[in-house]
Each structure stands twice: as C-alpha cells, then as structure tokens.
Amino acid sequence: MKISYTILAGFFSILLLFVTTTFINYRQSERINENSEALTRSSTILKHSNRFQRNVLNMVSGLRGYLLTNEPFFIQAYDSAMHENDDILHELSELIPDSSAQGSMLAEISALNTHWSTEFGKPLIEARRSAGGSDSSMAAFNKLYRAKMVTGIEKNINRSLQNKFREFSNYEYASREAQRAGLTASIRNTRRISFFLTVLSIIAGIGIAIFLANYISSGVVKMVHMAESISQGHYKVSMRATGKDELSSLARALNNMAGVLAENISLLKRKNDELDQFAYIVAHDLKAPLRGIDNVVTWIEEDHTTELSPKVTEYLGLIKGRIKRAENLLNGILSYSRVGRELQQRETVDVNQLIEEVRESLPPHSGIQLEVQTVLPVLQTEKLPLLQVFTNLITNAYKYHDKPQGYVKVYFKHLGPTYEFYVEDNGPGIAQEYHRKIFTIFQTLEERDSFESTGVGLAIVKKILDDRKLSIRVQSEPGQGATFIFTWRANE
C-alpha cells in the first residue's frame, strides 16, 4: 500500500473513532435533556398531585363547615378548591398520555372527583341553601345529610380518591427514580465508552505515527547511506525495494541510478585512460619528428653557415622557434591532462619557502622585483598543485610584463578555514572582456607569432582550483596592471 493511502487510512480511522465518541456524547446530551424535561414534567405532576390532595381536604372541610354553620365563607373555600382541582386535572391530562398507566389512574381520579362532587357536594349545598325557608325543607336537608354523610359512603369515596392520588404520586416517584437510575447508568456507560474510544484513538494515532515515522525514517536512512556510498565512489550498491509504496519506488529509482552511474563511471574511467594514453602517445610521437626537424635545421646551420643568406638564417631561426613552441604546447597538453589524476600526499608547506622555489625558476628580467609578504602561512596541504598555481601566476606576470621597471607582489588574507592569496603586478593589464577568456586552454592575449605562449598555464591553474572546489578571479584594467586572487584551504 502506498504511504499516502496508509496515512489517509490511519487519519480516517482516528477520525471515525472521534466521530463515534462525539455521536455518543451527543446522544447522551439528548438523553440528559430529555431526562431534564421529564424531571421538570414529573415535578409539575407531583406539585399538582399535592395541590389536588390538599384541595380535596379543603373541599371536604369547606363542605362540612358550610353544612354545619351555613357560613358563606366555607362555601367560597369549597368553590375555590373545586375550580382549582378542575384546572389541575385538565393540566395533568395534557402532561400524561391517556394510554399510559398514569392516564388510567388519572381517569379514575377524575371520575371519583366528579362522582363525589355530583353525588355529595352539589346536592348537600343546594339542600342547605333551601333549608332556611321552612321546617319541611330543614327536615329534608337533615334527612339528606344523614343519607349522604352519616352513612359513611362519602368518606369511603373521599378515602378512595385520596388513595388513588397517593398511588398516582407513588407511581410518579417510582418512574422518576427509574429514569434517574437509567440516566446514571447511561452516563456511566457513556463515560466508559468515551474513555475507551479516546484511549483507543490516542493509541491508534501514536501507533500509526510511530509506524510511519519508523518506516519512512528507516527508508530515508538507507537511501542516505546509499547516497553516501555513491558519493565515496562505491557505485555498485543497491537496496532492497519490494513494496509498492513511494519509498520503494524511490529506492528502485536509486538502484537504477546507481547502476547507470556504475556503467557511466566505468566508461568514463576507460575513456580517461584512453585519453591519457592518446595524449602520451601523441606527445611522444610528435616530439620525435620535431626533434628530427630541429636536428636537420641545426645541421644546416652548422654545415652551411657561410653559404646561407641572412634571410635564410632568419627563416631557420623562425623554424626553431616554432619547434620550441610546439614542444612547449605538447608538454602543456600533458600537464593539463594529468591535473587531478595523480593523488598527492599532504604535507606541511611553508608558503615562503614555496615562493623561493618559484623565484629560482623565473625567466630573467632585471627590471622586475618579486616582493613577497614577510610572513606567509604554513599549510597542511598538497605541495605540488600549490607550487604549480604560484609558478604559473608569477611566471605569467614576468613573461607578459611590458615595462623596463616593475614589480610582482605576493601577499594573502586569512578568511577563516581558507586563505586568499594575491599575485599582483603593474604590467599591461587585462581588459574586462578577457577576464574569463584567459582561463580557457590555448587562449592568449598576444599574437602567437609575436609572443611564444601556449595558452595552457592559466587553464592548468583553473583546473587545479576547480578540482578542489576553490576559486580564482582577476582584477585588472588595461594599463593598470593585474591582480590574480585565488583561495586555498588551510588544511585539506
């Protein structure tokens, strides 16, 4: 499976766990809201139940007080309680479904309440109101009172009404306790499930992250080791890549690249060896006829000195000069081709002593002074390449100097891990457009017929510095001399 698919699968798995947890918590919040509403409804029902029972007592007390005293105050209390109970029964009927057990209880309570009011309350009140008119009406009231109140039927109905409401309230209390217990259990289960899912999400997330980090980092580390091996010249390396993910694809690409590099490097080494052999053979084979021509010219000059005209003598000298230039050119080609091919041992190099060695090999020029900074650094480096750089730069400054009196200065600056060396002269200078051209092989600023130069010296300097990832530049203007500036590491 691709790494991107693995990451997406892990992300969606964790997301699914969190969504499940959120959904469960949401459902639990809905249940809490429903339970809160149920508790509010239950509180209202119980409050109405208590009020109803209290009103029943007030109605009985008001009825008995009115029947005994005929005081209007008692009948007012009776009417007020009766009307309030009617409202309570109406409100309870809206809160409690008719099909429920409480609905059946409420219907029985309502029927008992209506029966008590119709059979006892209203007839006795009407009879008491009419009893004050005559003895017969009073006798009728007393007879009705004994029939309704003294026999105990009214008390039984009233007691049944009270018991029904007590049963109604107990049922409500039990229902509320069951809801509360169910809610508590649901909250406990929800907490347990939420905790479990959260822990599972965290563990899954950490596991996926560790797996991906380990898988990716191990693959990257293997590729880094492979790249380091390639950078050190070990091209015949490879790493196992059997999967179908991106890292395996990259590993296969690296294996292919290493294989191509190994083939190309082998081919390049073979071509370089062939080029070295070609350069050596060409230089060796060309030097032989050149020496032969030089010998023939020398023999002509020695055997026919008196017979040669001045013009012929001039031509023979020109031929010998061209032969010398050709030999120098062949030697320059060999030197250029060998730059960077031969490994040099690092040693302690005193640059002051190195410059003195260069001074001994300089071409004669009585009017030029080589001025060297008093204390040049001591380096732990390759001696021969550095000697070649200084030799070519200082020799060029002498060779191309156009003034009878002049100087060539050598000095340096310390720039942290590297040194910056300066070779400065007050010669003819170099125009800006030639600052790059002079470092190209076989390129010179003088006409070859007027100045013996191979155009290889600065190219060798550039190649030595390029091979070591160092730099060289020139600061110059025509007629104002030139300063060649190159860098060299303190310790290679």
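Computed from a predicted model, the values in this text were never measured in an experiment. Values below: all heavy atoms of this structure, side chains included; hydrogens, waters and symmetry mates excluded.
- For the residue pair Thr381/Trp488, the side-chain donor-acceptor check at 3.5 Å is satisfied.
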Using atom types as modelled, flag every donor-acceptor pair under 3.5 Å from a side chain in residues 119-126 to any protein atom, sequence neighbours excluded.
none

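- Residue pairs meeting the salt bridge (charged side-chain N to carboxylate O under 4.0 Å, His left out) criterion with at least one member in residues 39-64, sequence neighbours excluded, are Arg51-Glu84, Arg64-Glu154.
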Show, in sequence, the C-alpha distance, side-chain angles and deciding distance for Phe195 and Val199, and conclude whether the side-chain contact (heavy atoms from CB on, under 4.5 Å) test is met. CA-CA 6 Å; Phe195 176 77; Val199 171; 3.7 Å; yes
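- Taking the charged nitrogens against the carboxylate oxygens, Glu347 and Lys383 have no contact shorter than 4.0 Å, which rules out a salt bridge.
- Lys463 pairs in a side-chain contact (heavy atoms from CB on, under 4.5 Å) with only one of the listed residues (Asp466, Ile460, Asp467, Val461), which is Asp467.
- The backbone N or O of Leu16 sits less than 3.5 Å from a side-chain atom of Thr20, completing a donor-acceptor pair.
- Considering only heavy atoms from C-beta on, Phe412 stays 4.5 Å or farther from Val351 through its side chain.
- Applying the ring-ring contact (aromatic ring centres under 6.0 Å, His included) criterion to Tyr173, with sequence neighbours excluded, gives no partner residue.
- Annotation: side chain of Tyr419 is not in contact with side chain of Lys413 (no heavy-atom distance under 4.5 Å).
- Applying the side-chain hydrogen bond (donor to acceptor under 3.5 Å, both in side chains) rule to Asn163 yields the partners Arg166; only residues at least two apart in sequence or on another chain are considered.
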Stepwise, does the side-chain contact (heavy atoms from CB on, under 4.5 Å) test hold for Thr44 with Leu95? CA-CA 9 Å; Thr44 303; Leu95 294 174; 3.8 Å; yes
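- Residues Lys409 and Val423 form no side-chain contact, since every pair of their non-hydrogen atoms from C-beta on lies 4.5 Å or further apart.
- The side chain to side chain contact (heavy atoms under 4.5 Å, CB included) test applied to Ser100 returns Ile96, Pro97, Gln102, not counting sequence neighbours.
- Side chains of Tyr422 and Glu420: a donor-acceptor N/O pair is present below 3.5 angstrom, by distance only.
- One finds the OG atom of Ser93 at 12.0 Å from the CD1 atom of Ile109 (value rounded to the nearest 0.5 Å).
- Side-chain contact between Arg489 and Lys469 is present, with heavy atoms from C-beta onward closer than 4.5 Å.
- Remark: Asp79 pairs with Ile75, Met82, His83 by the side chain to side chain contact (heavy atoms under 4.5 Å, CB included) rule, at least two apart or across chains.
- Between the side chain of Ser110 and the main chain of Leu106, no donor-acceptor pair closer than 3.5 Å is present.
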Pair Phe486, Leu393 - check side-chain contact (heavy atoms from CB on, under 4.5 Å), show working. CA-CA 10 Å; Phe486 71 93; Leu393 292 178; 3.7 Å; yes
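- Taking the side-chain hydrogen bond (donor to acceptor under 3.5 Å, both in side chains) definition, one finds that Asn392 meets it with nothing, sequence neighbours left out.
- Residue Phe196 qualifies as open at atom CZ: its count of foreign heavy atoms under 6.0 Å is 12 or below.
- The distance from atom CG of Leu376 to atom CD1 of Ile355, rounded to the nearest 0.5 Å, is 6.5 Å.
- No side-chain donor-acceptor contact under 3.5 Å links Glu477 to the backbone of Ala431.
- Taking the side chain to side chain contact (heavy atoms under 4.5 Å, CB included) definition, one finds that Thr348 meets it with Val378, Gln380, sequence neighbours left out.
- Of the candidates Val410, Thr483, Val408, Glu424 forms a side-chain contact (heavy atoms from CB on, under 4.5 Å) with just one, namely Thr483.
- Without hydrogens or angle criteria, Ser175 side chain to Tyr171 main chain gives no donor-acceptor distance under 3.5 Å.
- Under a 3.5 Å cut-off, the side chain of Asn58 and the backbone N or O of Tyr78 do not form any donor-acceptor pair.
- Here the CZ-CG distance, from Arg128 to Leu68, works out to 8.0 Å after rounding to the nearest 0.5 Å.
- Asn113 CG to Ile157 CD1: the interatomic distance, rounded to the nearest 0.5 Å, is 11.0 Å.
- For Asn85, the side-chain hydrogen bond (donor to acceptor under 3.5 Å, both in side chains) test picks out Asn55, with sequence neighbours left out.
- Residues Ile485 and Ile472 have side chains not in contact (no heavy-atom distance under 4.5 Å, counting atoms from C-beta outward).
- Phe73 pairs by the ring-ring contact (aromatic ring centres under 6.0 Å, His included) definition with nothing, not counting sequence neighbours.
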Could you walk me through whether Leu465 and Ser471 satisfy the side-chain contact (heavy atoms from CB on, under 4.5 Å) test, starting with their C-alpha distance in whole Å, then the side-chain angles of each, then the deciding distance to 0.1 Å, before giving a yes or no? CA-CA 6 Å; Leu465 296 173; Ser471 63; over 6 Å; no
Stepwise salt bridge (charged side-chain N to carboxylate O under 4.0 Å, His left out) test for Glu108 and Lys164: CA-CA 8 Å; Glu108 293 179 7; Lys164 285 293 181 182; 2.5 Å; yes
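- Judged purely by distance below 3.5 Å, without hydrogens or angles, the side chains of Ser49 and Gln53 pair a donor atom with an acceptor atom.
- Rounding to the nearest 0.5 angstrom, the gap separating the CG atom in Asp86 from the OG1 atom in Thr114 is 7.5 Å.
- Looking at His414, its side chain does come within 3.5 Å of a backbone N or O of Gly416 through a donor-acceptor pair.
- Summarising the local packing, NE2 of His90 is surrounded by 12 or fewer heavy atoms from other residues, nucleotides or ligands at distances under 6.0 Å.
- Aromatic rings of Phe390 and Phe484 (six-membered ring for Trp) have centroids beyond the 6.0 Å cut-off, not under it.
- Without hydrogens or angle criteria, Asp425 side chain to Gly481 main chain gives no donor-acceptor distance under 3.5 Å.
- A donor-acceptor pair is defined here as one N or O able to donate and one able to accept, closer than 3.5 Å; such a pair exists between the side chain of Ser217 and the backbone of Asn214.
- Listed by chain and number, the residues in a side chain to side chain contact (heavy atoms under 4.5 Å, CB included) with Arg180 are Leu39, Arg176, Glu177, Thr184 (sequence neighbours excluded).
- At a threshold of 4.5 Å between non-hydrogen side-chain atoms, the residues Val372 and Tyr411 do not count as touching.
- Taking each heavy atom of Met59 and Trp116 in turn, the nearest pair found is CE-CZ3, 3.4 Å.
- Considering only heavy atoms from C-beta on, Asn189 comes within 4.5 Å of Arg192 through its side chain.
- Looking at His48, its side chain never comes within 3.5 Å of a backbone N or O of Leu89 through a donor-acceptor pair.
- Here the shortest heavy-atom pairing between Val375 and Asn352 reads C-OD1, 3.8 Å.
- Under the ring-ring contact (aromatic ring centres under 6.0 Å, His included) criterion, Phe74 pairs with no residue at all, not counting sequence neighbours.
- Rounding to the nearest 0.5 Å places CG of Leu112 at 13.0 Å from CZ of Arg159.
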